[in-house]
2 protein chains.
Amino acid sequence: MLCSMASNGQSAKLPGFRGADASGGWMGKPRALELLASQAVIVRADREEEIVGQGEAAEYCYVVVSGCVRTVRLMEDGRRQVGEFLLPGDMFGWEALEEHDFSAEAVTAATLRRYPRRGLELLADRDHELARRLRALSARKLRAGRERMLLLGRKSASERIASFLLEMAERTGSGEGSPIELPMSRTDIADYLGLTIETVCRGLTHLQRQGTISIERARIWIRDRRALGVAGCEALH
Amino acid sequence: MLCSMASNGQSAKLPGFRGADASGGWMGKPRALELLASQAVIVRADREEEIVGQGEAAEYCYVVVSGCVRTVRLMEDGRRQVGEFLLPGDMFGWEALEEHDFSAEAVTAATLRRYPRRGLELLADRDHELARRLRALSARKLRAGRERMLLLGRKSASERIASFLLEMAERTGSGEGSPIELPMSRTDIADYLGLTIETVCRGLTHLQRQGTISIERARIWIRDRRALGVAGCEALH
DNA sequence: GAGGATGATTGATGTGTGTCAATGCCTCTG
DNA sequence: CAGAGGCATTGACACACATCAATCATCCTC
């Protein structure tokens with residue numbers, strides 16, 4: 001069950017929280033939320049536990065403190081699309097309308113800070129800086145969304161897999177030599193990339209045989225960053 | 001060439017503009033922009049003309065007044081993904097960061113109102129109502145984006161085509177009996193749905209043979225709304 | 001009204017990825 | 001340490017959609 005406790009603005013001292021801002025959250029750092037700290041509640045979720053349900057009234061939004069969370073859209077016949085993987089520092093749920101149009105589930109055991117959406121709205125009315133941050137945040141999410149549409153609509157399976165590895169390497173900040181620790185299962189990756197689990201496996205194996213990466217379960221080393229960029233159709237810069 | 005002229009806040013009287021708010025823009029009506037009218041410029045674009053270029057500095061944002069505009073992301077080898085089709089009342093470009101990460105092109109001859117992004121930002125700082133509208137606008141765009149990820153990642157060709165027809169029927173407000181007038185080519189539809197033009201054609205023909213729709217070039221009648229909903233995996237309500 | 005350009009449609013064929021199924025590897029439990 | 005369960009990997013095969021190619025419809029031009 002989802003466990004929560006009031007944090008009384010002292011959440012910065014709670015275990016697992018200190019690294020949140022330092023981690024450089026992919027979707028933007030919600031520093032301005034410090035003003036809302038008094039309304040924040042720390043929530044813990046076990047692995048595979050649902051944090052918000054698709055269609056649920058959107059009362060709260062969340063910041064991931066530790067662990068990994070996925071957003072999921074489900075079709076009635078069970079087909080699944082993972083919208084995004086959220087890592088420490090990432091925020092979600094504030095961009096809802098009346099209700100959440102996706103569910104959020106813990107990929108690993110996770111800690112989150114939960115804020116009332118209404119409080120955020122009211123604060124944004126008074127704090128231009130926060131409002132701007134929220135706009136920048138949604139701009140980044142929209143940009144990421146367009147990138148993913150290109151991936152889902154036009155890239156081949158191997159291109160998707162290479163792009164995914166590059167994205168995760170960037171987000172987890174895994175440098176030369178240090179591996180990417182993938183918190184999610186192959187099934188999650190497949191549902192994120194619009195592929196099947198078998199195709200993801202084969203794609204990874206293929207990259208390994210080429211010498212581009214090394215695989216050890218959930219740990220992946222990038223051996224040839226350049227080749228991976230080419231395989232993922234990385235734009236020139 | 002892109003033609004523009006200062007509107008001095010009287011643009012509401014310009015031909016083609018009157019219908020903009022009445023049309024119920026899909027992405028939300030930017031009524032609050034009336035406050036920015038003095039900074040607005042009317043821009044005209046010929047069919048197939050580029051309005052903003054991918055990678056261009058994001059100085060302006062736009063509201064479509066008449067015609068149809070598409071946003072496009074291009075890969076180096078020519079693969080193309082259409083992000084969205086913009087109809088009268090729809091706004092785009094305000095959710096950029098430093099530069100636009102997509103290009104916008106006129107599908108048909110189009111008229112747009114162009115606003116300086118900086119002016120919009122400044123106004124949003126003072127006007128909570130506008131800021132809220134912008135947040136709601138991006139929430140809707142993000143929601144639409146998640147819906148499209150599901151479509152691109154998990155739906156079959158025929159499901160995508162049925163979903164597309166339903167979306168266009170909704171947005172153009174074509175009721176029973178009156179046809180959908182599709183402003184875009186089959187190629188555009190294909191690039192929007194992550195398919196090839198041939199697959200789009202075949203899918204449409206198939207729906208016609210089933211008696212679900214009737215086709216006459218760019219005009220499409222929905223004969224069996226229910227069957228189309230099933231074909232497009234429309235969620236129950 | 002002939003000729004050409006452009007876009008839509010249809011057909012034949014190929015292939016990338018999905019589906020089905022077997023096996024392997026690791027972890028947990030008693 | 002045996003057995004079970006969960007996930008990852010690999011193989012064989014099928015099929016949905018892409019590709020290649022031909023034809024058709026419409027519009028434009030001279």
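Within every chain, numbering begins at 1; the chains are lettered A, B, ... in the order of the sequence lines, protein sequences first and strands thereafter. As a basis for the values below, the full set of heavy atoms in this structure was taken, side chains included, without hydrogen atoms, waters or symmetry mates.
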*Earlier contact from the 5' end, DNA chain C, for A/Thr196 and B/Arg47*: B/Arg47
_Rounded interatomic separation in angstrom, taking CD from A/Gln208 and C1' from D/dA8_ = 12 Å
*Nearest of C/dA8, C/dT10, D/dA18 to any side-chain atom of B/Ile197?*
C/dA8
*Provide, to the nearest angstrom, the distance between the NE2 atom belonging to B/His206 and the P atom belonging to C/dT9.*
15 Å
*Grab the CG-P distance between A/Leu204 and D/dT9 for me, whole Å please.*
7 Å
*asked:* Counting distance alone, no hydrogens or angles: does the base of D/dT10 have a donor or acceptor under 3.5 Å from a partner atom on the side chain of A/Arg186?
replied: no
*Grab the CG-C1' distance between A/Asp188 and D/dG6 for me, whole Å please.*
14 Å
_Between B/Arg143 and B/Glu147, does any NZ, NE, NH1 or NH2 come within less than 4.0 Å of an OD or OE carboxylate oxygen?_
no
*With no angle test and no hydrogens, is the base of C/dG16 tied to the side chain of A/Arg202 by a donor-acceptor pair under 3.5 Å?*
no
*How close or far is atom C1' of D/dA25 from atom CD of B/Glu216, stated in whole angstroms?*
13 Å
*Do A/Arg47 and A/Thr108 get their side chains close enough for a donor-acceptor pair, meaning under 3.5 Å?*
no
*Using a 4.0 Å heavy-atom cut-off across all strands, classify B/Leu195 as base, sugar-phosphate, or nothing.*
sugar-phosphate
*Does A/Tyr192 have its ring centroid less than 6.0 Å away from the ring centroid of A/Phe85?*
yes
*With heavy atoms under 4.0 Å as the rule, sort B/Gly203 into base, sugar-phosphate or nothing.*
nothing
*Please evaluate the base of C/dG7 for a donor-acceptor partner in the side chain of B/Arg217 within a cut-off of under 3.5 Å?*
no
_Cation-aromatic face contact A/Arg73/A/Phe102, 6.0 Å, 45 degrees_ = no
_Of the listed nucleotides C/dG11, D/dA8, C/dT19, the one nearest the side chain of B/Glu198_ = C/dG11
*If you check every side-chain atom of B/Ser156, which of C/dA8, D/dC17, D/dA8 has the closest atom?*
D/dC17
*Could you give the CG-to-C1' distance, from B/Asp191 to D/dC17, as a whole number of Å?*
15 Å
*Could you tell me whether the phosphate oxygens of D/dC7, OP1 or OP2, come under 4.0 Å of any side-chain nitrogen or oxygen in A/Ser185?*
no
*Report the distance from atom CZ of A/Arg154 to atom C1' of C/dG16, rounded to the nearest whole Å.*
15 Å
*Nearest-Å distance, CD1 (B/Ile220) to C1' (C/dA8)?*
12 Å
*asked:* Does a side-chain N or O of B/Thr205 approach OP1 or OP2 of C/dT9 to a distance below 4.0 Å, or not?
replied: no
*asked:* Could you go through A/Leu86 and A/Glu84, starting from their C-alpha distance and side-chain angles, then the distance that decides it, and tell me whether this counts as side chain to side chain contact (heavy atoms under 4.5 Å, CB included)?
replied: CA-CA 6 Å; A/Leu86 298 148; A/Glu84 48 182 343; 3.9 Å; yes
